[in-house]
Amino acid sequence: MSVSVQEADFDLSAEVAALSDADTGIGAIATFIGKVRGEAHGNKLQSMSLEHYPGMTEAELARIEAAAVARFHLTASRIIHRIGALQPGDNIVLVIACAPHRHNAISACDFLMDYLKTEAPFWKKETGGDGHGSWVDARETDDAARSRWHSGDA
Amino acid sequence: MSVSVQEADFDLSAEVAALSDADTGIGAIATFIGKVRGEAHGNKLQSMSLEHYPGMTEAELARIEAAAVARFHLTASRIIHRIGALQPGDNIVLVIACAPHRHNAISACDFLMDYLKTEAPFWKKETGGDGHGSWVDARETDDAARSRWHSGDA
Amino acid sequence: MSTNENAREVTVRYFAWVREKVGLSEERVTVPPDVKTIGDLARWMQSRGDGYASAFAKPDAIRAAIDHKHVQALTQIGAAREIGFFPPVTGG
Amino acid sequence: MSTNENAREVTVRYFAWVREKVGLSEERVTVPPDVKTIGDLARWMQSRGDGYASAFAKPDAIRAAIDHKHVQALTQIGAAREIGFFPPVTGG
């Protein structure tokens, strides 16, 4: 279990290997990567800036990860979230969940992303093709997605 | 969209990059890796051998992949399944699903694995610590998992 | 050897423990005219020798494909070019 | 300057558009004794100048944390060392 908040990109294969190479109890590894898309709400995106709440972010991510480990009996897990200036196509977030069997690993990825999207203190500001910057609005569908897991579980 | 049946291992980062680097419409990449565990049914595993039905396997995997692409509106996808002799810790299978948004990508991985486990013609033979080989029995829980998606959809 | 006009030659392939018990991975088989379905074929296989009898002892434990597509016991063999017999799959 | 025994000093931090409207990322604030809850504090913030009035115009649009934990409008400020105000989160 570990979480990182960083400007640097991550290497998917290296992160998976670090988590799983030494443990032959792991039969299933699910990963999720979120990337910056080239369009936002039908408008071309020039760049994105990610702000966070230092101190609180790490605490929230660790809390969310611990909830997933307990709920899905994970053997290992990892969350990396990037901050700072990002371009279309750049990676934003990586979650990895390792478990003996597949459904727990895949469900844990789903759960981690739903909680991360609604509880981890990150904020995106998008700069469009016209150079105009605007803060991204939170999506009600993200709250609805989290509530699938029953409120208060993480 | 592509499927491979191969003896060689795969590189997760390279496969993800090949699928997603050129398309900034992709906001979400979900991957699943299945690995050989060091124990099977409480007994130490020495090695595993994977047999398949050449010709049918590729056709089934392509059919399952096409069903996932259509159902979850995937932007890109990939299935790699290894055959031959494998050791504990070795990769067996990789699925990747790319989509604009996360729930489609994650659900597609789940769907692909459930159908692959129940419809792709692969068979595992395990050799235990005592050198005795035995064919793995199909699991009823895999059929039950597939039926979540409603039979006959893929 | 006279050939009944309704007899058909097909390639039959065996996998995993079916292959091991039969002792062959592939053969050309002349299917008798009264063998109409995959279930008929599996039962007829039992009569072809000890290995076949053992492999096809429980037809319900065996799955089949015609020309690379999964089929059921009641599926007609029809104009099949290739029939595969195998245990329930265990990949992934 | 006399200090009421019930007045408390806390660090307040602002993020995203709350930070931009307030014009500060962090400050030490002396909380008046009648400001008991997070909701009270958000409303009191409106009185501290134009930037604050704009940032806190719709308290329901703002989320808060006490000592790095999410809290609700009715949560008591109590012995908080640090309070954060920010929009609903949009990471991932």
Side-chain angles (χ1 to χ4, degrees), chain B residues 3 5 32-36 40 48-64 79-83 86 91-95 109-126 133-143 145-146 151-152 154, chain C residues 9-29 37-39 41-42 45 50-92:
Chain B
V3 305
V5 180
F32 178 84
I33 290 176
K35 286 166 73 84
V36 182
M48 174 179 283
S49 163
L50 257 152
E51 177 173 337
H52 78 123
Y53 187 159
M56 180 170 172
T57 314
E58 294 80 356
E60 278 294 299
L61 292 179
R63 189 180 62 77
I64 292 166
I79 303 176
I80 301 176
H81 203 296
R82 296 180 71 191
I83 50 171
L86 299 173
N91 293 324
I92 301 172
V93 62
L94 169 65
V95 306
C109 259
D110 203 14
F111 173 98
L112 283 164
M113 284 306 302
D114 281 351
Y115 275 85
L116 194 153
K117 283 260 178 191
T118 51
E119 306 202 341
F122 292 98
W123 301 276
K124 287 178 184 143
K125 190 175 193 173
E126 295 172 344
S134 58
W135 292 97
V136 174
D137 281 330
R139 293 154 47 114
E140 286 177 16
T141 53
D142 286 332
D143 286 326
R146 192 202 55 184
S151 265
Chain C
E9 268 220 339
V10 295
T11 298
V12 183
R13 299 175 74 177
Y14 310 101
F15 296 92
W17 56 254
V18 181
R19 171 181 56 72
E20 288 183 341
K21 291 186 176 185
V22 168
L24 280 175
S25 61
E26 180 175 337
E27 62 180 326
R28 289 291 286 174
V29 170
T37 67
I38 287 292
L41 183 60
M45 284 281 176
D50 287 351
Y52 295 93
S54 167
F56 288 89
K58 293 180 181 169
D60 287 354
I62 293 184
R63 301 289 175 268
I66 292 180
D67 295 338
H68 297 170
K69 292 200 177 76
H70 289 289
V71 294
Q72 306 298 318
L74 292 175
T75 305
Q76 297 285 322
I77 294 170
R81 289 184 303 272
E82 180 177 311
I83 294 171
F85 285 113
F86 41 79
V89 305
T90 58

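Order of the sequence lines sets the chain letters (A, B, ...), proteins ahead of strands, with each chain counted from 1. Side chains included, hydrogens not; waters and symmetry mates left out as well; all remaining heavy atoms used.
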Undergrad: Apply side-chain contact (heavy atoms from CB on, under 4.5 Å) to residues C:F86 and B:M56 and explain how you reach the verdict.
TA: CA-CA 12 Å; C:F86 41 79; B:M56 180 170 172; 4.2 Å; yes

Undergrad: Counting only heavy atoms not in C:Q72, do more than 12 fall under 6.0 Å of its CD?
TA: no

Undergrad: Could you tell me which residues in residues 54-63 of chain C have at least one non-hydrogen atom under 4.5 Å from a non-hydrogen atom of chain B, sorted by residue number?
TA: none

Undergrad: Determine the option with the most heavy-atom pairs under 4.5 angstrom with chain B, choosing from C:A16, C:P87, C:P88, C:G84.
TA: C:A16

Undergrad: Which one wins on heavy-atom pair count under 4.5 Å against chain C: B:A59, B:G34, B:A120?
TA: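 Max contact count across the listed options: B:A120.
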
Undergrad: Heavy-atom pairs under 4.5 Å with chain C - which of B:L116, B:V136, B:I92 has more of them than the others?
TA: B:V136

Undergrad: Which bit of B:E58 comes within less than 4.5 Å of chain C, counting heavy atoms only: side chain, backbone, both or neither?
TA: neither

Undergrad: List the atom of C:F15, the atom of B:E51, and the distance in Å for their closest heavy-atom pair.
TA: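 Minimum heavy-atom separation between C:F15 and B:E51: CA-OE2, 3.4 Å.
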
Undergrad: B:K125 versus chain C, heavy atoms under 4.5 Å apart: side chain, backbone, both or neither?
TA: side chain

Undergrad: Rounded to the nearest 0.5 Å, what's the gap from CZ on C:R19 to OH on B:Y53? Could you check?
TA: 13.5 Å

Undergrad: To check you understand the geometry: which heavy-atom pair defines the closest contact between C:H70 and B:E119, and what is its length?
TA: NE2-O, 2.6 Å

Undergrad: At a 4.5 Å cut-off on heavy atoms, which part of B:D137 comes close to chain C: side chain, backbone, both, or neither?
TA: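 Answer is backbone: N, CA, C or O of B:D137 sit under 4.5 Å from chain C.
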
Undergrad: Would you say C:V89 and B:W123 make side-chain contact, with heavy atoms under 4.5 Å?
TA: yes

